[in-house]
Structures are given as C-alpha cells and as structure tokens.
Chemist: 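Shown below is the structure under consideration.
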Amino acid sequence: MSPDTLLRLYRRMVRIRIFEEKVQELHRLGKLPGFVHVYVGEEAVAVGACSVLRDTDHITSTHRGHGHCIAKGADVAPMMAELFGRADGYCRGKGGSMHIIDTSLGILGANGIVGGGIPMATGSGIADEVLGRDGVTVCFFGDGAANQGVLLEALNLAAIWKLPVVYLCESNQYMEFTPTTDLTAGRIFRRGEPFGVASMEVDGNDVLEVRRVVGEAVDRARRGEGPTLIEAITYRLSGHSEGESAFVSAYRTEEEVDSWKARDPITRFRDLLQTGAGISAARLDSIDAEEQEAVNEAVVFAESSPFPSPDEALDHVFAPAGG
Amino acid sequence: MSPDTLLRLYRRMVRIRIFEEKVQELHRLGKLPGFVHVYVGEEAVAVGACSVLRDTDHITSTHRGHGHCIAKGADVAPMMAELFGRADGYCRGKGGSMHIIDTSLGILGANGIVGGGIPMATGSGIADEVLGRDGVTVCFFGDGAANQGVLLEALNLAAIWKLPVVYLCESNQYMEFTPTTDLTAGRIFRRGEPFGVASMEVDGNDVLEVRRVVGEAVDRARRGEGPTLIEAITYRLSGHSEGESAFVSAYRTEEEVDSWKARDPITRFRDLLQTGAGISAARLDSIDAEEQEAVNEAVVFAESSPFPSPDEALDHVFAPAGG
Amino acid sequence: MARAYFMAAMNQALRAAMEEDETVIVMGEDVDRGVFGVTRGLIDTFGANRIRKTPISEAAFVGGAVGAAAAGLKPFAHVMFSSFFYVAMDQVANQAARLRYMSGGQVELPIVYFAGTGPSGSAAAQHSENPHSILMHTAGLKVVMPSTPYDAKGLMMAAIRDPNPVVYLADLRLSRRRESIPEDPYEIPLGVADVKRQGEDVTVVALASLVHVAVDVAGKLESDGVSVEVVDPRSLVPLDWDTIVASVRKTGRLVVADPARRLCGLAAEVIAGVSERAWDSLHSRPCRVTWPDIPVPFSPVLEGRLDVGADDLEQAIRTTMGSPVVAGSA
Amino acid sequence: MARAYFMAAMNQALRAAMEEDETVIVMGEDVDRGVFGVTRGLIDTFGANRIRKTPISEAAFVGGAVGAAAAGLKPFAHVMFSSFFYVAMDQVANQAARLRYMSGGQVELPIVYFAGTGPSGSAAAQHSENPHSILMHTAGLKVVMPSTPYDAKGLMMAAIRDPNPVVYLADLRLSRRRESIPEDPYEIPLGVADVKRQGEDVTVVALASLVHVAVDVAGKLESDGVSVEVVDPRSLVPLDWDTIVASVRKTGRLVVADPARRLCGLAAEVIAGVSERAWDSLHSRPCRVTWPDIPVPFSPVLEGRLDVGADDLEQAIRTTMGSPVVAGSA
Ligand SMILES: Cc1ncc(C[n+]2csc(CCOP(=O)(O)OP(=O)(O)O)c2C)c(N)n1
Ligand SMILES: Cc1ncc(C[n+]2csc(CCOP(=O)(O)OP(=O)(O)O)c2C)c(N)n1
Ligand SMILES: [Mg+2]
Ligand SMILES: [Mg+2]
C-alpha cells in the first residue's frame, strides 16, 4: 500500500477523533443542542470501509454517524454547523447530529431509528442493480441494531437479488448501557449464513484489516456477486451519549475501558506507520495539527453561521412538483 | 403408541379435511363472506403438533388457521358459525375465518397479518416463564412469513430468555401465488442456528414424525431448555384462497399438485393404520362418517344461528374496567 | 375513450409512466399477477428487472423504496392492503416522510405507496383499514384517494411524476366501477378537488366510495327541494381548501362523509378547517358521518353497521337543512 | 405528601402496582436504569424476572406484550420515545388494538404502552413525535397524556389496573415539573377531564405541557378582564366530552391548544365534537393552536417555530374573544 494511502487513512481517523473530542468539549460547554453520540474508538471501521468506496457509492449511517460521514468525505465545517443548528449546516439546521446527510457524497443519512438505515441501504442497492450501475452501498449498523427484524428482511432480499450491499455491523460491545452479549444470542455475523450471505468478522480496531475485508466484499458486490455481512469488533470508548452520566450511574468497569484503550485504533495505526512504514512522528504530528486546525476552523465557521430564520421550519417538507 | 392415540390423530386430521372441504363447497355456493384459506394437505402438521399439547398450552395461528384450531380442540360448530358471521360463532361474528380464537383452549388466534402471531407467541412464552408455569406455546407460521423480520426478533428473544416456545414453520411451498423458494434465501429452519436455537426440519406430511419432533421440542421447552425452530415440509393442495381462480391464472403445474397428492398425509396415515396397526377400513370409515356427520351438523348449527344484531358491532372494543 | 374499471385505470397510468420513464419500477408481493389488478400484465412488457416480486417483507421493500428513490429510482411500492402500512410504519412515517426534511431539502423521494383500502366485504379488522387520516397527520406524505376511474388514472399519473412520497389509496369498494376514460395518459394535479355535483343548499364533502353515495342521495333529495353540492377532495394532502370553502360559502351548510373512524379523522379536520376559514357563512351545525370508533368487524351485518350508508348521509343532510340552529343561539 | 418530579410520580405508581399485583411486569430497553426514570430502581425490588431488559426489538416486545397479556400477565412495555411506536405499529394497531374485538370479547389485554413524547429540545424528527391523534384514531387503545405529577401518578395507577391496552404518553417537556403529591397510591379514573382553572369567557382545552402555558396565559389575560377556563382532558380515549361541553356551554367560546400537528389532530376533533354537541352555544369561531404540518426540526430556532407558544395561544384567545363573529353572519 502506498504511503499516500496509509496517510490518507491516518488523516481520516485523526479527523474523526479530533472532531469528536471537540464535540465532547462543546457539549460540556452546553453549546450543542440535542443528543450527541460520538464515535471515539471506532474510527478504523468507518475509515477502513469508506476508503474502498467511490464518491458515487452510497452509505447509510446511524445515530452515531459523525465518523461515517467524515470517512465518506463529509466536510467538517458544515457538519459542525449542523450540530450547532445553524443555517450553513448540511441540513440547514433541520437534522442535527443524528441526521447528517450529504447526498452529493452518497451519504444517505445518519438515522435516529436504530435499524432504520438497513432497508434504506438495501433500496440503494436495488437502484444500482436495476439501473445496471456498478455502485456499492455500505450499510453501517450497531450490534444493538442487529436485533431489529429489518436485518433478516434485508439479508434475505439482498441474497435473492444479489444486491451490491455490504452490511457492516459495528460490534462496539454496547447498546446504550447494556452489554450487547447480555441480550444477543450467538454471534451476529453468523446471522448471514442461513441466507447464503458471505459472513465474517474482522478486527474493527485495525484499519487495514477492515479495509481489506470490506474491500473484498465491495469487489464482490461490484462484480455482481451479491451482499456480505461483516461484523467489525470494536469498542465505544466514550459513553453512549454525551452527558449521560447526569442520569445513569456507571455501567462498565475502568479496567474494561482501559483494556480497549490499549487497543486504540489510532494509536495502533500510528505505531504501525512509524515502525512498519517508516513514517516520521513529525509527519504524523503535522497531520494531527492540520486536522486540529480544520476542526477549530469548523467551530469558528459554525459559530459564526446564523441560525436559520424561524420560518424556514416550514420549508423542505415537499419538493416542488415539476422541479 | 396406543391405537387410541393413533385413532385420535386420524380423527383430527379427517375432521380438518372434511371441515375444509365443506368450507370449499360452501364458498362455491356463495355462502361464506370474506377471505377463506383452507388447510387441505397440511393436516399432519397441526394435528401432529397439537397432539402433544395440553389444553393449558397455547398456540398462535395464521390466516390459514382452521386446521390449527381444530387440532387444538376447537369445536367445529362455533367455528362454522363464525365463518358464516353468526352470533353463535366463536367470536360472535366479529372475527371470521382469519380470526378464530378460543382462549379457553389456549388458541390465541388466527391472524390476518402474515407474521403477526410470532411476537404474540413469544409473549405467551414470556408469561409461562415469568409465572413459573410449565406451559408451552407453539407458534404456527408460513414459509412466506419466515421473511418477516419479527422472526429474527423472536428467535433472539426466545433464545436469550430460554422461552418455552416452538416456532413451527409450515413450508407449504407457496406464499400466495409464488413458490417460496423463488424469494427465500437458504433453508428456513437454518435461520434458528445463529441464535443457538435448536433447528430442524421434519416431513410435514407424516403425522407421527411431526408428533415425535414437536414432542421432543415441547419436552425440552417444558424442561426449561428453551425454544426450537422446526420447518415442516408440506404442501398446500388447494389454492391460496377460495375463489382465487377468478382473478389469477394457473401458477403451478398439475404434475406438481399430483405428486403431492400422492403423498396426501391422510391417505398415508390411513394406509399405515391399516397395514401397520391392523386397524380395519371399516373402523376408519366409521370415523370418517362420524366426522362428516359432525361437520354437517356444524353447518346446520351455523345456518340456524342468527346474525348478531347490528349494534353488537359496538361491543367488545374495550373490556369494562374493574371487570 | 374506452371503458375501464377502477383498478385498470390505474394500471393504464402506471404502464404509461413506466413507458415514459425508465426509472419507474414496481415492488411488492405477487406484483406479476397483482392481487387487485393494478400491476397486472406489466411484467410481460417491462420484465422482472423493473417489476420486482418481493418476499413478504413489508419493512424491507417499503423502506427499500426510500433508499431506491434517494439513489435514482421512482419506486411504485405495492403495499397490497392498507392495513399493512402498520407493518412498515417506521419506514413510512420516520423515514420516507422525513428524509427530505431532515436533509434540509437535499433529496427528492419520488415514491408511490399504493394500497387497496377500506372494507371490501367481510375482510375483517386486519384487511379493512382506512388509514388516510393517520397518514395525513404524519406530515411529509402526500395522500390521494380517488372516487372514479377517470380521476384514478389522472391522479396516478400525477402521483408517479410527483417528486415526493405519495400514498395512493384505492378504495376497494370501487373495484367494480367502470367508465369511459381517455386512452392516452393524462394528469390530474394533486391538491385539486372536484365538484362532483353542483348544488345550492348544502355542501357534502365526500371521499372515495362515499362520493357516489353522496351523489345518489343528492339525486334523491333534489325531489324534496334540497339542492346538494358534492365535493370530492380526491387528494387529502394537499387538501384543496379553496374549493371546499368556496362551496360552503355558497351553500352555508356542511356535511362531511368519510369512510373511516371518527376520532381525529378527515371529517373532523374538514369541519375544523371550514370553521376556521368560513365560520361566518355556516348557517347551521356542520355534521359528520363516519364509522363509529371500532375495529372493522367481519360479519356482513356488523360491517354494515360500521359503514356509512345512504340513510346516514341523508339523515345528516336533513338535520343540517332542517333545523337551522344558529351558533350562539343558546 | 412529598414533592415528586413528573417521571418519579409515575415511578411511584408503577412500584405500587407491582407490589399489589404480581402479574405486573416491565419490558423494554435499559429498563433497569430507565432512560426517563419511570422504571428506575424497580429492578432492585422486583428482580430481573419482572423487570425485563429487552434487546432493541420493539416489534417483539410490543407484540410480546399482547401474547403475555392474553396469557396472564399485565405488561408495562417501555417503548422509550413515542416515535418508536411506528417501529412496532403493526403490533399496536393490528394486534393489541384488535385482539379483544376480533375475539368477540373473549380476551382482556391489560397492557400499558409507555413512552416519553414530544419535543424535548432538539431531539429532531425521529425522537419528537406526538402521536396521540394517530393512536386515538386507531380504535381499541386507550390514550392518556397527563400534565402534572399528581395526575401522572393517579392515571398511571388507573392505566395499569385497566383491563385494556393503554398508551401512556409522558410529555418530555414536563420532566422538570415537580409538586407535592400523596405518597400512598391513588387512582384517577381514565376518561375524566380536569378543569385546571375556572373561567367565564372562553374555554381553552389544552393538553399536557400546554396546560401550563394555558394557565399562565389565563393569568395574564385576567388583568385584561378576560376570564379563561382551562380544561385538561388528561385522557384522550375515552375523552370526557361532558366536561368539555359543559365548559363551552358556560363560556360560549373555544380554543384548543394541542402540541401536535394540525391535520386530523386532537384539536380538529375537539372543535368538531364540540360543534356537534354544543353548536348553539358557540358565540364565536372556535380556534386551534397547533404545530404546523411539518416534521419536528432540530435547530432550537426551528423547533421554537413549531412549538405552540404562549403568544400563539394568547393571540388565539384574543381573536376568539375580540371579534364576536357569529356563524352565518355573512
Ligand atoms: C427503534 C429505536 N429503538 C431504540 C432507540 C434508542 N436507542 C438509541 S441508540 C440505542 C442503542 C443502539 O445500540 P447499537 O445499535 O449497538 O449502536 P451504538 O450506540 O452502540 O453505536 C438505542 C436503544 C432508537 N433510537 N431507535
Ligand atoms: C403483513 C402481510 N402481508 C401480506 C399479506 C397478504 N398475504 C396473505 S397470505 C400471504 C401468503 C402467506 O404465505 P405463507 O406465510 O407461506 O402462508 P400460507 O398461505 O402458505 O399458509 C400473503 C402475502 C398479509 N396478510 N399480511
Ligand atoms: Mg453498539
Ligand atoms: Mg406458504
């Protein structure tokens, strides 16, 4: 893999991390309205997966969607403005953290309904299939979402129609405040097997592994060989949502969190770049700094963006006919 | 197995067949309002399964529910009256063919929504589990219903809570006018495997095999060892719904139907009773005649039952509080 | 012009739309045959790539339509009976009806959700819903419910061409209606009501199969010297208040006939909306004739009790006409 | 008497109900902790057999409640946000709301479907629904939506004891409300409205958090010589028409304040229902103040535009009072 590619992966992961840490800070300062779920610790999944996609490929995302959007190429400035509810946000302030959408980049939307994006991704695959395009859709969903029935329906439909969709489960070990394994029978990736859907797990904290495994799935999909179900094993290093400690007591041990911190996907990859690819710390530091700068600028952009005018609430319910 | 048991199985299967053939005749005569789906050819599934259940055990049924109800002990007279929409029907004319219910026999209802009974059966299992009863619930559903997402949710819930529920898929090869395999990926019974749910298939035209396999599942459930998914392979010898030929052209070959007629579960069992258990044709004929008589009487009962008074439509929306 | 049944009229429009636009596809259960006839025969012309038989997985194909539309198709999703909307309600109400708005207008979702609707003769509680009021309340969905083959064809064309999710409800009580309609495709814009009968004394806003009941009752009352105007809204979102209000301004009296439950239904909306817009012209108490607030029962006798009949409507019109009770007279 | 927050009041009732009746169980996501606090702490007393944390499988546990109720339990199903009703709508509308009726009265379904509801501050389109009008239209569901901790506790007790499916909606805008309430369990019957403020000139029927807005506006208008009566229906099915109509008969004027979309909403129902029952006492045009017919937007500014505010309500009251336009005066 070329150093450029490696650095692109690194940069995207760092961008997500810095964006999310800024979001956490802003949330603590009371600057962000609504619910905010950050992606800290899971960066390798989105970045590895989206690194094999084209701009014309599609993704569907979740309530924890910032990482997916950034990985697919979204600009942090209108993202941040959206989180602030401003007019220059991706959705002009109508969507917020849980609903960031950029159709021009194939981002069909974060989604506040757990499992809500699964049929949508399947439909995007139908469009590619019907129109004879070689596009691929990656459907991100959580390990908690794997207990929503739409998964069965999607796997079956994608299997019989050989849809070019990669169902990518982010097994971050939790659904809200409950360990996923407490309420989830068996291994999630095996749920594809009865449908004859290629099914596998991958270390979700290893960006290159994710890239490789998703890459193979995407290639299969592009060749018309149908869907894949991939379970990426990772960990949500932060809470379920920002500010949760105000109303839930601790639900996991420090040791558990620490053990996963030791496997931080960014630290790991940074080490690899230095030791394995001979990239200097200074080079990586400068990327970090650039991304920090970009996120800082995004905040300035967001805070200087006006709120939408109240009556804009009435727009965009319907597209004008004949438009 | 005692001859009594064998004859009880035979009698129930015959009762269903005769009931259904009468229903078909009445439908042709224009005497039955609404949709009617008959169970001809699938009798061994319901009878084999319900033969291992107690009155206090529960079943949930489908739009094709007459067979399940009769197998669980429902009386053909109020069933027939219900099909006629009369006041002496099981549901006082409110439910009809698709909604026959007899809670005193644990029949939680036929169901017009494909897959609608799956969560309900799971809930009935929850009640047994919470209350510490050793009851079991058998959830009948079609091969078409196996593509409804509620199946995944139920399998997962039943697995993690070890619910005493047997999910019994009737693979009668069709969903309406479409062969199930055209739109169903893989084998249905395998869909239980990822959840660690005991999963198996059974010859659904062999009442003793169904009884054995469901019996084992029911015993496991009663012992607190959790759910089972069973796929019973059978065939819908009649159309999807009565009168369908008025609006759909033929969708299966005569050869196909004939090949399954050759495996008619009642003929097969009758042969077995004669050759294997030494029961005389005369004995079996007299059962046939008794059941024919009972069904004829059911029709007389139904036709002489009054229609409910129109204002009864307003009753039974809510149970009186403090009742 | 050629005579066409209600469902065949929609079939004609769907066929024409598929001919004019390659991105129109059909998804649903048994759509090759088509339980109601709306999709019948299309597979022979357009093939299995565009006429897609789905498994019984409503959430997947109703929600799939959203993703497909966002990615370039114009899906016609055949939901079969309108009761089945509930099975896929998340995908209708939380996704299809929301995505454009939540995106700040980035995306168009040209989807038609088609279903047969209403009691069709002892189909009972799970196959007889009329959920139009619920769908109207959802926001983000257009809702169409025609009363004639002519309107059905023109509205179907408009629904398919519309860049938004349109729920198209075909009243199953109209299946046997037949009339001469133009063979060429034509469009009736969404949001334009039709005065199905002119009158002077009382406005009856009637929906779908009740339009014909209203026209019949109007004919009968004519001989008693009561002149009834029948307004058929045809589309419910957008609702053509102008036409409704103009009629009430002319007649001064309002009866709403809605084949659906009462609480929070279309009939309540029309009464409230007319009160807001034309209070000063209401010469007597507006009335609604609807189902009682019960599930749809099976037995023909019970279903008949639920149905809005000609008698109910006549009674309501006579009440409205007969005793000109003026608001505030007590 | 002790001071209790809104959600804590419900928690008290749920605890008492679980103590008095062993068949009451709780199901839902994270109900050991309880996102809103209604189920918090119960697991310590009642254990994991009765406080059942479910996977994220709404259809399974909402529908599971139907089977569980039919088989002898009284499930309290914690649906979390009311937007999630759509995910399990088949199980609510086609099953829970129908089974007793379809069975001809054989079965009782003592279920409480609980959800936090309405905008709670930029939760956006998929976490801010107020679906009460949709649930009212469904038939077969009782619907409760209280405005105070006192009512919340008493109605919760009644909801759990009721032998029917009751949808219990807790307006999230009320989370921080606190008042002294009796510590012992008590019951407020479903279907009994409460006059939250007596007045002579105009009746405001207001729901949930808007009750307090209405009481505040009433206080303000008092000094202008306008005497406002505030009626809180508390339960929507059954709806206490007697109290509402008696109030309008007294005041002759009606404003309905509903925190929900307009088309086919509760406000339309109250206007239509009062028109039917008390037309002769309406001295001016009834008004409704509601959300516009849009999804709930994210940005505080936009959510504020959607909300019914004190100004909107005051304006509506003044309109109703100010220009006594008589029906039929045009
Ligand atoms: C249909 C639905 N049910 C419940 C919720 C509440 N909820 C939001 S996030 C969440 C947990 C999701 O877990 P998972 O899918 O593993 O995603 P993660 O948060 O771990 O990324 C829940 C229950 C929801 N938003 N939608
Ligand atoms: C949710 C839902 N979707 C569609 C239908 C229409 N429908 C009724 S029966 C049926 C086929 C069911 O097939 P299967 O589950 O195999 O049962 P079978 O009829 O073969 O016994 C369909 C599609 C329905 N009743 N409910
Ligand atoms: Mg998770
Ligand atoms: Mg079948």
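Naming: A, B, ... by sequence-line order, numbering from 1 per chain.
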Chemist: Do you know the tightest heavy-atom contact between C:Ala272 and D:Ala268?
Modeler: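 Scanning both residues completely, I find the closest heavy atoms to be CB-CA, 3.7 Å.
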Chemist: Among the options C:Ser275, C:Gly104, C:Ala278, pick out the one with the most heavy-atom pairs lying under 4.5 Å from chain D.
Modeler: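 Answer, by heavy-atom pair count under 4.5 Å with chain D: C:Ser275.
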Chemist: Taking every heavy-atom pair that is under 4.5 Å apart, which of D:Pro131, D:Gly265, D:Gly252 has the most such pairs with chain C?
Modeler: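 Most pairs with chain C among the choices: D:Gly265.
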Chemist: Specify which of D:Ile134, D:Ile271, D:Val296 makes the most heavy-atom pairs with chain C at under 4.5 Å.
Modeler: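 Ranked by contacts with chain C, first place is D:Ile134.
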Chemist: Given the options C:Phe85, C:Phe84, C:Tyr86, which has more heavy-atom pairs under 4.5 Å with chain D than any of the others?
Modeler: C:Tyr86
Chemist: Report yes or no: does C:Arg261 contribute a side-chain atom to a donor-acceptor pair with the main-chain N or O of D:Thr138 at less than 3.5 Å?
Modeler: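 Side chain of C:Arg261 to backbone of D:Thr138: a pair is present.
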Chemist: Which one of C:Cys287, C:Ala124, C:Ser83 has the most heavy-atom pairs closer than 4.5 Å to chain D?
Modeler: C:Ser83
Chemist: Are D:Arg285 and C:Glu276 ion-paired here, with the side-chain N under 4.0 Å from a carboxylate O?
Modeler: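 C:Glu276 and D:Arg285: not salt-bridged.
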Chemist: Determine yes or no for a side-chain-to-main-chain donor-acceptor pair under 3.5 angstrom, with C:Asn94 supplying the side chain and D:Val87 the backbone.
Modeler: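 It does not hold such a pair.
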Chemist: So what's closer than 4.5 Å to chain C heavy atoms on D:Ala97: side chain, backbone, both or neither?
Modeler: backbone
Chemist: Pick one of side chain, backbone, both or neither for D:Asp258, based on which atoms fall under 4.5 Å of a heavy atom in chain C.
Modeler: neither
Chemist: If I measure from the heavy atoms of chain C, does D:Pro292 come under 4.5 Å with its side chain, its backbone, both, or neither?
Modeler: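 For D:Pro292, no heavy atom lies under 4.5 Å from chain C.
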Chemist: State, with a plain yes or no, whether a side-chain heavy atom of C:Trp279 is found less than 4.5 Å away from one of D:Leu282.
Modeler: yes
Chemist: Taking side chain as everything from C-beta outward and backbone as N, CA, C, O, which of these in D:Val237 sits under 4.5 Å from a heavy atom of chain C? Side chain, backbone, both or neither.
Modeler: side chain
Chemist: Side chain from CB out, backbone as N, CA, C, O: work out which of these in D:Met102 comes under 4.5 Å of a heavy atom of chain C, or both, or neither.
Modeler: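 Side chain of D:Met102 only, per the 4.5 Å heavy-atom cut-off to chain C.
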Chemist: Any chance you could measure D:Arg98, atom CZ, to C:Ile294, atom CD1, to the nearest 0.5 Å?
Modeler: 10.0 Å
Chemist: Nearest 0.5 Å please: distance from the SG atom of C:Cys264 over to the CG atom of D:Leu236.
Modeler: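 Here the rounded value is 8.0 Å.
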Chemist: Indicate the atoms forming the closest heavy-atom contact of D:Ala139 with C:Pro295, along with that distance.
Modeler: CB-N, 4.1 Å
Chemist: In terms of heavy-atom proximity below 4.5 Å to chain C, should D:Gln91 be classed as side chain, backbone, both, or neither?
Modeler: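 When you check distances to chain C, no heavy atom of D:Gln91 falls under 4.5 Å.
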Chemist: Can you name the closest pair of heavy atoms from D:Pro297 and C:Tyr101 and give their distance?
Modeler: CB-OH, 3.4 Å
Chemist: Looking at OG of D:Ser133 and CD of C:Glu269, how far apart are the two atoms once the value is rounded to the nearest 0.5 Å?
Modeler: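 These two atoms lie 10.5 Å from each other.
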Chemist: Check whether any side-chain N or O of C:His137 sits under 3.5 Å from a backbone N or O of D:Leu263 as a donor-acceptor pair, and report yes or no.
Modeler: yes
Chemist: Quick one: of C:Met136, C:Arg288, C:Gln126, who has the most non-hydrogen atom pairs under 4.5 Å with chain D?
Modeler: C:Arg288
